[in-house]
Amino acid sequence: MSITGDGRADAGAGRAGAGAVDPSGAAPRTGGTAQAGAGDAGAPGTDRASAGTGGAGTADGGPVGPDGPSSDSADVGADGLSVDDGIRTLLRLMPRMVGRAKRIKLPEELSGYSLAPRHLSLFSYLLFDGPLSVNDLATRLEVAPATVSLMVSDLAKQGVLRRDADPGDRRRAVVSIDPAHHPAISNWLARGATAWRQALTPLTPAERRMFVTTLQTYESALADD
């Protein structure tokens, strides 16, 4: 069964044991916690002892901890989270998420193909949105059409993707996943999509937008460096 739904849901690490995502319902909730342990993919300076005192910065660039700007915890309610506490948690959480995403194994039947994590987003849009033109893919992936064209040409030569005439406009071609590989690619992406569905389903639309915007702001801040 192929993945369907919002095309932005493709980008994450997932829980174990998920199959292809059912478009009609969210995955069952699990009892895990987002802060268990100090990093499977542990980066230096991100463990519990160091997260609050060294290496990390506040929003205005100062160090976190007793030598940095004053804590904002006094302004946080009982159910809230201070900026510094949020930073400490995320410095532990993000390396684990990245490490687990990298450990999602390529399906055995695709192991002979030159596939890499960069193909995840391209495959995700084709699974969620169906056949798309190179320009449409470039818009969604926020890269140049020439970059997508090279990726598509390479994967088409390997037999993973195919180009066909657009039924609505036969002057242009659309890209799709070859039916022979559709189930394997769907299962490859299912863990991440299922995990994101589990995380996003309890939120309101406004909360989802805030969450996605926060991740985009974080990515932009890293890119600025």
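By the 4.5 Å heavy-atom criterion applied to side chains, D136 and Y125 are not counted as neighbours. Residues L141 and T147 fail the side-chain proximity criterion, which asks for heavy atoms closer than 4.5 Å. At a threshold of 4.5 Å between non-hydrogen side-chain atoms, the residues V174 and L132 do not count as touching. Side chains of L155 and V175 form no contact here, defined as non-hydrogen atoms less than 4.5 Å apart. Side-chain contact between M151 and L137 is absent, with no heavy-atom pair separated by less than 4.5 Å. Residues E207 and M210 have side chains not in contact (no heavy-atom distance under 4.5 Å, counting atoms from C-beta outward). Under the 4.5 Å side-chain criterion, counting only non-hydrogen atoms from C-beta, R88 is in contact with D85.
Counting all heavy atoms, side chain and backbone alike, P202 lies closest to A199 at CD-O, 3.5 Å. Smallest separation of non-hydrogen atoms from G86 and L81: CA-CD2, 3.6 Å. Here the shortest heavy-atom pairing between P95 and L91 reads CD-O, 3.1 Å.
Checking side-chain atoms of R208 against main-chain N and O of L203 turns up a donor-acceptor pair under 3.5 Å. Looking at S149, its side chain never comes within 3.5 Å of a backbone N or O of P145 through a donor-acceptor pair. Between the side chain of S186 and the backbone N or O of H182, no donor-acceptor pair lies under 3.5 Å.
In this structure, L90 CG and R96 CZ are separated by 10.5 Å, a value rounded to the nearest 0.5 Å. With values rounded to the nearest 0.5 angstrom, T217 atom OG1 is found 11.0 Å from L222 atom CG. One finds the CD atom of Q158 at 10.0 Å from the CG atom of L110 (value rounded to the nearest 0.5 Å). Atom CD in E142 sits 10.0 Å away from atom OG in S121 (nearest 0.5 Å). In this structure, the separation between CG on L122 and CD1 on I177 is 8.0 Å, given to the nearest 0.5 Å. Between atom NE2 of residue H181 and atom CZ of residue R162 there is a gap of 11.0 Å, rounded to the nearest 0.5 Å.
Residues L150 and V160 are members of separate hydrophobic clusters, defined by side-chain heavy-atom contacts under 4.5 angstrom among Ile, Leu, Val, Met, Phe, Trp and Tyr.
Residues that satisfy the ring pair (Phe, Tyr, Trp, His ring centres under 6.0 Å) test with F211, not counting sequence neighbours, are W196. By the salt bridge (Lys or Arg N to Asp or Glu O under 4.0 Å) test, D166 is found to be paired with R172, residues two or more places apart in sequence or in another chain being considered.
Side-chain N/O atoms of S153 and R163 include a donor and acceptor closer than 3.5 Å.
A salt bridge is defined here as a Lys NZ or Arg NE, NH1 or NH2 lying under 4.0 Å from an Asp or Glu carboxylate O, and K157 with D154 fails to meet this definition.
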